Colleague: 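One structure is given below, represented as structure tokens, and several questions about it will come after.
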2 protein chains.
Amino acid sequence: MPRLVGQIDSSKTEAILDAAAEVLAERGLAAPIEEIARRAGVSKQTIYNRYGGKTELIQALVEKRVDSITAPLRSPGAEEHPEETLAAYARSLLVVIEKGGYSLMRLTIQSAGELPELAREVYANGPMRSRGQLAEYLELETRAGRMKVEDPMQAAEFFGGMVMANRQIQALLRLPTGLTEAEIDRLATEAARIFMRAYSV
Amino acid sequence: MPRLVGQIDSSKTEAILDAAAEVLAERGLAAPIEEIARRAGVSKQTIYNRYGGKTELIQALVEKRVDSITAPLRSPGAEEHPEETLAAYARSLLVVIEKGGYSLMRLTIQSAGELPELAREVYANGPMRSRGQLAEYLELETRAGRMKVEDPMQAAEFFGGMVMANRQIQALLRLPTGLTEAEIDRLATEAARIFMRAYSV
DNA sequence: TGAAAACTGGACCCGTGCGTCCATTTATCT
DNA sequence: AGATAAATGGACGCACGGGTCCAGTTTTCA
């Protein structure tokens with residue numbers, strides 16, 4: 001039921017992207033466009049009307065979603081004690097993984113051979129940007145005399161790595177991490193504690 | 001030139017695995033077996049004689065190589081001061097990445113949908129095992145009174161993450177990390193220094 | 001020299017999935 | 001009502017690649 005003459009139906013666009021995310025997460029690059037169309041309740045032609053082909057669809061999907069997935073990570077709230085803030089940040093990192101946010105990353109890795117620019121963009125808008133924000137925070141806290149961080153980007157990389165590395169690989173390998181809320185909390189708290197030991201004034 | 005009557009030519013087996021590693025690294029799961037055969041200087045049939053099919057070939061390749069790639073990581077030498085030992089360990093982690101050791105990981109990730117057991121095995125024999133060894137070392141140093149590590153596995157995970165996480169993702173995304181020897185050294189040294197700050201007695 | 005088994009290379013079948021085409025339908029604007 | 005344009009769905013051509021088959025060759029052992 002198009003809403004305008006000669007205007008594309010944008011509700012279908014959403015349905016397509018949702019279905020694409022789903023099928024691509026399940027089957028990877030091998031995901032057939034026909035299956036995406038079927039699940040979106042849309043004809044294959046409709047997909048080709050919007051996107052020239054499969055690679056464009058993937059690009060559109062990833063570019064559109066990376067931001068929204070990593071958005072919650074971007075602003076460590078600067079109210080509480082740094083250890084609290086860091087723990088909260090770590091928790092949000094882990095939640096992204098736990099909630100399946102890594103299927104896009106897996107997809108990007110699979111496509112990296114054919115779509116190197118996409119890989120660059122995902123890296124810049126995902127891990128890189130979120131790390132930059134954390135670095136800013138660390139610098140602020142250092143200025144405020146609550147921490148002692150000489151190389152904020154380096155430190156941010158360390159912290160992100162401490163929290164993520166293992167779960168990251170597990171998620172990419174599709175191994176169920178099976179972290180309970182309590183375990184997430186413990187891990188986040190412990191990472192923040194250790195990090196503060198290393199970077200306290 | 002087979003060396004035994006009715007015996008498979010093991011030099012060809014090696015050629016097949018080498019070629020498979022090469023082509024699979026380049027083209028991922030989409031790598032055609034014919035291309036592997038071509039580069040191995042072997043007929044397609046010969047490959048099918050040894051391995052039932054593509055998935056078996058991949059399994060054989062990965063299982064056979066994971067060990068040799070991660071072998072250098074397994075034994076942190078316990079002679080020097082822990083900070084030195086940790087830096088050396090970190091360096092060897094980074095070298096594995098730098099030398100392209102992550103193409104097998106990328107391949108395993110791509111295959112994880114169809115070959116979940118392979119994913120489990122790679123994880124267990126790669127990151128997991130090497131982390132276990134590091135944990136043992138940390139425990140030893142703690143007993144010796146040179147460090148203070150309460151949860152060795154957790155600490156090992158932290159250290160590995162600090163060193164690897166970022167480069168790991170870059171490598172998987174095929175982004176050139178372009179680390180010079182000097183940068184590797186700096187990163188390893190810094191990670192060891194920070195880690196020791198957090199876990200010193 | 002003959003047997004045994006692997007290797008070759010090329011042909012072959014076949015499933016899958018991309019991308020195209022098109023006649024028909026549906027919906028909206030003038 | 002008529003024009004306009006998107007949406008449908010089904011058929012189609014086509015390339016690619018997995019896996020099989022086989023007749024002929026090479027190699028080594030007995």
Side-chain angles (χ1 to χ4, degrees), chain A residues 1-62 107 110-115 118, chain B residues 1-62 107 110-115 118:
Chain A
M1 47 185 82
R3 296 177 319 202
L4 290 174
V5 173
Q7 226 73 352
I8 60 172
D9 183 338
S10 62
S11 79
K12 299 209 180 206
T13 302
E14 269 316 302
I16 290 171
L17 290 181
D18 286 346
E22 213 179 284
V23 183
L24 285 164
E26 287 170 19
R27 323 233 326 226
L29 278 188
I33 284 199
E34 296 204 279
E35 173 73 10
I36 295 175
R38 241 182 21 80
R39 287 206 212 175
V42 143
S43 81
K44 188 165 51 151
Q45 190 60 20
T46 303
I47 296 184
Y48 279 98
N49 285 345
R50 289 171 167 70
Y51 312 98
K54 201 181 199 175
T55 61
E56 287 94 325
L57 174 59
I58 292 179
Q59 274 178 322
L61 170 68
V62 173
L107 182 59
Q110 287 172 341
S111 319
E114 307 158 16
L115 301 173
L118 183 64
Chain B
M1 50 186 77
R3 297 177 320 203
L4 290 174
V5 174
Q7 226 72 352
I8 59 173
D9 182 339
S10 61
S11 79
K12 302 212 177 201
T13 303
E14 269 317 302
I16 291 171
L17 290 180
D18 285 346
E22 212 180 284
V23 182
L24 285 164
E26 287 170 20
R27 322 233 327 227
L29 278 188
I33 285 199
E34 296 203 279
E35 173 73 9
I36 296 175
R38 240 182 20 81
R39 288 206 212 173
V42 143
S43 81
K44 190 162 53 147
Q45 189 60 25
T46 303
I47 296 184
Y48 279 98
N49 284 346
R50 288 172 169 66
Y51 312 98
K54 202 182 200 175
T55 61
E56 287 92 327
L57 173 58
I58 293 179
Q59 275 178 323
L61 170 67
V62 173
L107 182 60
Q110 287 171 341
S111 321
E114 308 158 14
L115 300 173
L118 182 63

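Please read these numbers as outputs of a predicted model, since none were measured by experiment. Basis for what follows: all heavy atoms, side chains included, without hydrogens, waters or symmetry-related copies.
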Colleague: Identify, residue by residue, the members of residues 13-33 of chain B with a heavy atom below 4.0 Å from DNA chain C, and return them in order of residue number, or none.
Modeller: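 By residue number: none to list.
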Colleague: Less than 3.5 Å apart, which donor and acceptor atoms pair up between the side chains of residues 42-49 of chain A and the rest of the protein, not counting sequence neighbours?
Modeller:
residue  : atom : partner  : partner atom : Å
Ser43(A) : OG   : Thr46(A) : N            : 3.4
Ser43(A) : OG   : Thr46(A) : OG1          : 3.1

Colleague: In this structure, how many angstroms lie between the P atom of dC18(C) and the CZ atom of Arg38(A), rounded?
Modeller: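 Checked: the CZ to P distance equals 14 Å.
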Colleague: Please output the side-chain donor-acceptor pairs of residues 17-26 of chain A that fall under 3.5 Å, not counting sequence neighbours, one pair per line with the distance.
Modeller:
residue  : atom : partner  : partner atom : Å
Asp18(A) : OD1  : Arg65(A) : NH2          : 3.1
Glu22(A) : OE2  : Arg39(A) : NH1          : 2.6
Glu26(A) : OE1  : Arg39(A) : NH2          : 2.9
Glu26(A) : OE2  : Arg39(A) : NH1          : 3.0

Colleague: To the nearest Å, how far apart are Lys12(B) NZ and dT28(D) C1'?
Modeller: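 These atoms are roughly 14 Å apart.
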Colleague: Sequence neighbours left out, what passes side-chain hydrogen bond (donor to acceptor under 3.5 Å, both in side chains) with Glu14(A)? Give chain and number order.
Modeller: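 Testing Glu14(A) for side-chain hydrogen bond (donor to acceptor under 3.5 Å, both in side chains), a comparison that skips the adjacent residues, returns Lys64(A).
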Colleague: Quick test: give all pairs of protein nitrogen or oxygen and nucleotides 9-12 of chain D nitrogen or oxygen below 3.5 Å, distance rounded to 0.1 Å.
Modeller:
none

Colleague: In degrees, rounded to 10°, what is the bend between the two ends of the helix from dT1(C)-dA30(D) to dT30(C)-dA1(D), using five pairs at each?
Modeller: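 Between the axes fitted at each end of the helix from dT1(C)-dA30(D) to dT30(C)-dA1(D) lies an angle of 10°.
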Colleague: Do the side chains of Ile58(B) and Tyr51(B) get nearer than 4.5 Å, heavy atoms only?
Modeller: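 SC-SC contact between Tyr51(B) and Ile58(B) ruled out.
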Colleague: So, do Leu115(B) and Val62(B) sit near enough that their side-chain heavy atoms are less than 4.5 Å apart?
Modeller: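 The answer is no; the side chains never approach within 4.5 Å.
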Colleague: So Arg50(A) and Glu56(A), do their side chains get closer than 4.5 Å, heavy atoms only?
Modeller: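 No. Closest side-chain heavy atoms not under 4.5 Å.
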Colleague: Pull out every residue in residues 47-57 of chain A that has a heavy atom closer than 4.0 Å to any atom of DNA chain C, ordered by number, or say none.
Modeller: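 Heavy-atom contacts with DNA chain C come from Tyr48(A), Gly53(A), Lys54(A).
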Colleague: I'd like to check Leu61(A) versus Ile16(A) (side-chain heavy atoms, cut-off strictly below 4.5 Å). Are they in contact?
Modeller: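 No, every pair of side-chain atoms sits at 4.5 Å or beyond.
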Colleague: Tell me, do Leu107(A) and Ser111(A) make a side-chain contact under 4.5 Å, heavy atoms counted?
Modeller: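 Yes, their side chains come closer than 4.5 Å.
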Colleague: For Glu114(A), what residues pass the side-chain hydrogen bond (donor to acceptor under 3.5 Å, both in side chains) criterion, not counting sequence neighbours?
Modeller: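 Checked Glu114(A) against side-chain hydrogen bond (donor to acceptor under 3.5 Å, both in side chains); zero matches.
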